[in-house]
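Here the structure is laid out as structure tokens; the discussion comes afterwards.
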Amino acid sequence: METLLEVQEKITPMPRIGDSAPSFQAVTTQGMINFPDDYKGQWVILFSHPADFTPVCTSEFMTFAKLEGKFANANCKLVGLSIDGLYSHIAWLRTIKDKIEFKGMKNMEVKFPLIEDITMEIAKKYGMIQPGESKTQAVRAVFFIDPHGIIRAVIYYPLSLGRNFDEIYRALIAMQTADEFSVATPADWQPGDDVIVPPAGSCGTAKERVESANGEMECTDWFFCTRKLDKKKVLDTVLKN
């Protein structure tokens with residue numbers, strides 16, 4: 001029997017923020033996909049779940065199905081993955097639609113693709129199999145991939161913990177805002193909150209920034225400056241009309 005170390009050595013390390021998203025072809029519940037080429041020009045949330053017909057995963061898929069239009073309005077597609085087979089996926093998603101009710105959600109039809117990965121090849125490419133948690137199930141990984149196919153953020157959850165979907169959406173909008181307005185977003189940022197102006201690159205600029213800060217920008221020190229960014233302006237920019 002292989003030791004934990006031997007198993008870990010066979011697994012490809014998790015892609016990092018800033019890396020190109022590993023490419024693959026896969027069978028899904030919505031047909032074949034070529035990833036990430038099929039999604040050029042769009043953001044993608046690629047997420048894994050441990051297994052079909054499990055309660056935490058069921059609650060998550062119902063929530064993603066409910067929010068799919070909201071993510072689409074932010075130019076973001078959803079793509080799910082588990083190491084179960086295609087027919088298991090289809091049967092599970094049909095059961096969700098026909099039988100399951102959760103937090104007032106029922107008759108939820110999952111229209112985004114769910115990848116078949118019975119060989120675990122894709123899960124291993126993305127570091128979704130973590131032997132310390134499970135050798136045979138993918139953990140709850142969330143990869144945010146931008147329109148250029150670059151991984152921009154990664155969130156990992158253990159098998160027992162359902163994801164926070166408000167945070168997933170908040171992170172997506174925050175990254176899009178940072179890109180569009182060349183700013184950073186502080187802790188707990190929501191559209192309409194002040195944003196952070198990137199730090200000054202030189203001592204002279206820092207001094208000038210503090211001395212000349214006006215109503216448009218507020219500096220409490222040379223490295224910590226914020227400015228207002230109207231919520232409507234943010235949403236009009238990052239969301240589709």
Side-chain angles (χ1 to χ4, degrees), residues 21 24 26-36 38-39 41-118 122-123 126 128 137-147 152-176 190-191 235 238-241:
F24 60 83
V27 174
T28 81
T29 52
Q30 298 294 322
M32 287 290 301
I33 62 170
N34 294 289
F35 194 89
D38 287 349
Y39 298 91
Q42 299 174 305
W43 285 77
V44 181
I45 290 177
L46 172 66
F47 66 98
S48 57
H49 74 101
D52 299 343
F53 294 100
T54 53
V56 176
C57 299
T58 297
S59 70
E60 292 188 322
F61 266 71
M62 294 179 75
T63 306
F64 260 137
K66 178 182 178 181
L67 297 175
E68 183 180 11
K70 185 175 181 179
F71 280 97
N73 200 40
N75 191 34
C76 181
K77 296 292 188 180
L78 304 176
V79 180
L81 176 147
S82 88
I83 58 176
D84 288 322
L86 178 64
Y87 297 117
S88 173
H89 288 347
I90 293 171
W92 177 48
L93 298 185
R94 182 177 296 169
T95 298
I96 288 176
K97 184 177 186 302
D98 293 344
K99 296 183 178 181
I100 307 299
E101 182 173 354
F102 172 68
K103 285 190 174 181
M105 296 181 288
K106 60 182 179 179
N107 302 317
M108 300 305 301
E109 183 175 2
V110 176
K111 298 178 181 178
F112 55 84
L114 174 54
I115 295 168
E116 173 188 75
D117 191 28
I118 55 178
I122 300 168
Y126 278 82
M128 295 169 173
Q137 293 181 325
V139 296
R140 300 182 195 283
V142 184
F143 285 85
F144 297 79
I145 300 166
D146 73 14
R152 297 292 298 278
V154 184
I155 306 176
Y156 265 59
Y157 299 81
L159 303 181
S160 62
L161 179 62
R163 283 166 267 228
N164 184 307
F165 289 81
D166 289 338
E167 172 58 13
I168 291 173
Y169 183 76
R170 187 195 77 90
L172 173 69
I173 298 301
M175 284 184 283
Q176 293 179 340
Q190 296 285 348
L235 298 181
V238 303
L239 299 184
K240 295 180 180 178
N241 294 326

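Basis for what follows: all heavy atoms, side chains included, without hydrogens, waters or symmetry-related copies.
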*Which of these passes ring-ring contact (aromatic ring centres under 6.0 Å, His included) with Phe47: Tyr157, Phe144, Phe61?*
Phe61

*For the atom pair CD1 (Ile115) and CD (Gln30), what is the distance rounded to the nearest 0.5 Å?*
12.0 Å

*Apply the test side chain to side chain contact (heavy atoms under 4.5 Å, CB included) to residues Ile145 and Tyr39: give CA-CA distance (whole Å), side-chain angles for both, the deciding distance (0.1 Å), then the verdict.*
CA-CA 10 Å; Ile145 300 166; Tyr39 298 91; over 6 Å; no

*asked:* If you compare all heavy atoms of Pro191 against all heavy atoms of Ile173, which two are closest, and at what distance to 0.1 Å?
replied: CG-CG2, 3.9 Å

*Rounded to the nearest 0.5 Å, what's the gap from CG on Leu239 to SG on Cys76? Could you check?*
11.5 Å

*Quick one: does Gln176's side chain have a donor or acceptor within less than 3.5 Å of a partner on Ala74's backbone?*
yes

_Expected output: side-chain Ser82 to main-chain Pro50 donor-acceptor under 3.5 Å_ = no

*Would a 4.5 Å heavy-atom cut-off, applied to side chains only, mark Lys66 and Phe102 as touching?*
no

_Nearest atoms (heavy-atom pairs only) where Gly80 meets Phe112_ = N-CD1, 4.3 Å

*Side chain Asn75, main chain Gly41, donor-acceptor under 3.5 Å*: yes

*asked:* I'd like to know whether Ser88 forms a side chain to side chain contact (heavy atoms under 4.5 Å, CB included) with Glu116, so could you lay out the CA-CA distance, the side-chain angles of the two residues, the decisive distance to 0.1 Å, and finally the verdict.
replied: CA-CA 9 Å; Ser88 173; Glu116 173 188 75; over 6 Å; no

*Report the C-alpha distance between Tyr169 and Leu67 in whole Å, list the side-chain angles of each, state the deciding distance to 0.1 Å, and finish with yes or no for side chain to side chain contact (heavy atoms under 4.5 Å, CB included).*
CA-CA 9 Å; Tyr169 183 76; Leu67 297 175; over 6 Å; no

*Are Phe64 and Phe71 side-chain neighbours, meaning at least one heavy-atom pair lies under 4.5 Å?*
yes

*Partner of Trp92 under side-chain hydrogen bond (donor to acceptor under 3.5 Å, both in side chains), chosen from Thr29, Thr54, Thr58*: Thr58

*Checking side chain to side chain contact (heavy atoms under 4.5 Å, CB included) against Tyr126, which of Asp117, Leu46, Leu81 comes through?*
Leu46

*Can Asp84 and His89 be counted as having a side-chain donor-acceptor contact under 3.5 angstrom?*
no

*Of the non-hydrogen atoms in Arg163 and Ala141, which two are nearest, and what is the gap between them?*
NH1-O, 3.1 Å

*Mind listing the closest non-hydrogen atom pair of Ala65 and Met108 along with its distance?*
C-CE, 4.0 Å

*Side chain to side chain, Val44 and Pro36, heavy atoms closer than 4.5 Å*: no

*Neighbour count above 12 (heavy atom, 6.0 Å) for Phe53 CZ*: yes

*Decide yes or no for Asp52 and Leu93: does some side-chain heavy atom of the first lie under 4.5 Å from some side-chain heavy atom of the second?*
no

_Distance, nearest 0.5 Å, that separates OG of Ser160 from CZ of Arg140_ = 8.0 Å

*Does Asn73 use its side chain to pair, donor to acceptor, with the backbone of Gly69 at less than 3.5 Å?*
no

*Is any side-chain heavy atom of Ile168 less than 4.5 Å from a side-chain heavy atom of Leu172?*
no

*Do Leu114 and His49 have side chains that get closer than 4.5 Å, going by heavy atoms?*
yes

*State, to 0.1 Å, how close Glu60 and Leu161 come at their nearest heavy-atom pair, and which atoms those are.*
OE2-O, 4.3 Å

*Exercise: identify the closest heavy-atom pair between Met62 and Met105*: CE-O, 3.3 Å

*What is the distance from atom NZ of Lys106 to atom CG of Asp98, rounded to the nearest 0.5 Å?*
13.0 Å

*Can you tell me how far OG1 of Thr63 sits from NZ of Lys103, rounded to the nearest 0.5 angstrom?*
7.0 Å

*Run the side chain to side chain contact (heavy atoms under 4.5 Å, CB included) check on Asn164 and Ile155 step by step: do they pass?*
CA-CA 10 Å; Asn164 184 307; Ile155 306 176; over 6 Å; no

